[in-house]
2 protein chains.
Amino acid sequence: MGNNDPTRRTQAQRSAESRTKLMLAAAELIAEKGLGGVTLAEVGERAGYSRGIANHHFGTKAALIAELVDRVEREFIEATAPASSLEVSVEELVEIASVFTGMLADLPSVHRAFLVLWATAVADEELRPRMARSDEAFRNTVEEIIERGQSRGEIDSTVGASGYAVGFLGQLRGIALQLLLAPELVDLGAARQSMEQSLRRSLQPAQAHSDGSD
Amino acid sequence: MGNNDPTRRTQAQRSAESRTKLMLAAAELIAEKGLGGVTLAEVGERAGYSRGIANHHFGTKAALIAELVDRVEREFIEATAPASSLEVSVEELVEIASVFTGMLADLPSVHRAFLVLWATAVADEELRPRMARSDEAFRNTVEEIIERGQSRGEIDSTVGASGYAVGFLGQLRGIALQLLLAPELVDLGAARQSMEQSLRRSLQPAQAHSDGSD
DNA sequence: TATCACGTGCTTGCTGTCAAGCATGTTGGT
DNA sequence: ACCAACATGCTTGACAGCAAGCACGTGATA
């Protein structure tokens, strides 16, 4: 009967739960104050524990951050990945952009933390290689979609896949950061709509200039 | 004859010179290690003085940063502003993008510092409003160009000026930050060319779909 | 000589890290 | 089923390092 006691948890459960809470708290704080503005003590207390717990679980601040980046990056990628690949390449890219911008409308702190960490990585020796890899993976995905679309004749053949991928990712990140900088000054809906239109116009083969469906 | 002694300077000269050197040193260090990784002592020593001089001249770190941001932002805007407004609106935007991406190829530390500070502003209470204003000014400029172009029939009337401005600035900033993150993984030339092509395609009126000149 | 730029010693507050002890969970013998 | 011995999570106090800011000393300029 002791098994059903709700207050009685196994050590592994306790440990896993506190680690999760710590990472969540760290993500919140990073989203609010940036990586530099966060202390281990604060993380522990935000998570509902004591000062020292983050150190106890992760040993060092760098280790906590490293693990957090893994988690946050994974969740961000999962959240921005479209449900399934569409049949038409152009629409596949439009869908990626749409999912991304849609997510920005109401950004959970974990995703916000990823964007903050991405921006921080520009001047952080530790974070830079990690985020650089993340970017490259995304760009490669975009390049593949474009090249596939070009081989099918769905995407204009004069489009440079690698160059376009940089611009595509740049636009997504840049829009997101503008929004973080000044939510009230950026019309996300307008930006979203504009980006979709631009995508179609710049990708569709020159002769096949059909109107959108709506 | 004491007037020509090169070692003899007026107090105002000494003061102004050291302030300039300090700001330059601060910009360099911020470009290298980010705002959080820079100490006042380091700034002073990099500038060729002692630990305490930054504090002596600016009183507080925040004051130094504030003044530095002013200077760096101004220089960045000057460097990215095209020589003169062109006759055709589409080409005006292409020119802006071209100047910007051209500057990225060999980025002086002052301009690099601006981009780093812009990224830092996302999670910095002090910097955020300043950078937000800077962004808004640029977006307004872009909007005006677009609206002017639309009234002249040079830019497609279905383009949303405010939304497009967000995407335009986002793309510039996003490309720049990708480059800072991983210079060796980003083909700047390809991105630049791709962006120009996309700009023309997405802005030109639908019926007037002339080939590029090359 | 008076003033200002600049250097140097010092204090103070903050943060990461460690170590010792307490609390909770686990295991094995009876 | 109970309880003692142990293991593990967690807290608390202490310490070291760093950086900002201050006070005073020195040398250059007026």
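Note that these values count all heavy atoms, side chains included, but never hydrogens, waters or copies made by symmetry. Order of the sequence lines sets the chain letters (A, B, ...), proteins ahead of strands, with each chain counted from 1.
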Rounded to whole angstrom units, what separation is found between the CG atom of A:L64 and the C1' atom of C:dT15?
14 Å
May I ask you to test the A:E91-A:R200 pair for a side-chain heavy-atom distance under 4.5 Å?
yes
Give the C-alpha distance, both sets of side-chain angles, the deciding distance and a yes or no for side chain to side chain donor-acceptor pair (under 3.5 Å) between B:R139 and B:S162.
CA-CA 7 Å; B:R139 287 193 298 260; B:S162 74; over 6 Å; no
In plain terms, say whether B:D70 and B:R130 are close enough for a salt bridge, that is, a side-chain N and a carboxylate O under 4.0 Å apart.
yes
Taking the side chain as C-beta and beyond, is there a heavy-atom pair between A:R46 and A:K21 under 4.5 Å?
no
Polar contact flag, side-chain donor to acceptor under 3.5 angstrom, A:E45-A:S50:
no
Output one line per pair: protein atom, nucleotide atom from nucleotides 20-22 of chain D, and distance, for all N/O pairs under 3.5 Å.
{"from": "D:dA20", "atom 1": "OP1", "to": "B:K61", "atom 2": "NZ", "distance (Å)": "3.2"}
{"from": "D:dA20", "atom 1": "OP2", "to": "B:L40", "atom 2": "N", "distance (Å)": "2.9"}
{"from": "D:dG21", "atom 1": "OP1", "to": "B:T60", "atom 2": "OG1", "distance (Å)": "3.0"}
{"from": "D:dG21", "atom 1": "OP2", "to": "B:K61", "atom 2": "N", "distance (Å)": "3.0"}

Aromatic plane relationship, A:F100 with A:F76 - under 30° parallel, 30 to 60° tilted, over 60° perpendicular
perpendicular
Do any N or O atoms of the protein come closer than 3.5 Å to N or O atoms of nucleotides 7-10 of chain D, and which pairs are they?
{"from": "D:dT8", "atom 1": "O2", "to": "A:Q11", "atom 2": "NE2", "distance (Å)": "3.3"}
{"from": "D:dG9", "atom 1": "OP1", "to": "A:S15", "atom 2": "OG", "distance (Å)": "3.3"}
{"from": "D:dC10", "atom 1": "OP2", "to": "A:S18", "atom 2": "OG", "distance (Å)": "2.8"}
{"from": "D:dC10", "atom 1": "OP2", "to": "A:H57", "atom 2": "NE2", "distance (Å)": "2.5"}

Between C1' on C:dC6 and CZ on B:F58, what's the gap in Å once rounded to a whole number?
14 Å
A:R74 side chain near A:V69 side chain, heavy-atom distance below 4.5 Å
no
From A:I145 atom CD1 to A:S89 atom OG, the distance as rounded to the nearest 0.5 Å:
7.5 Å
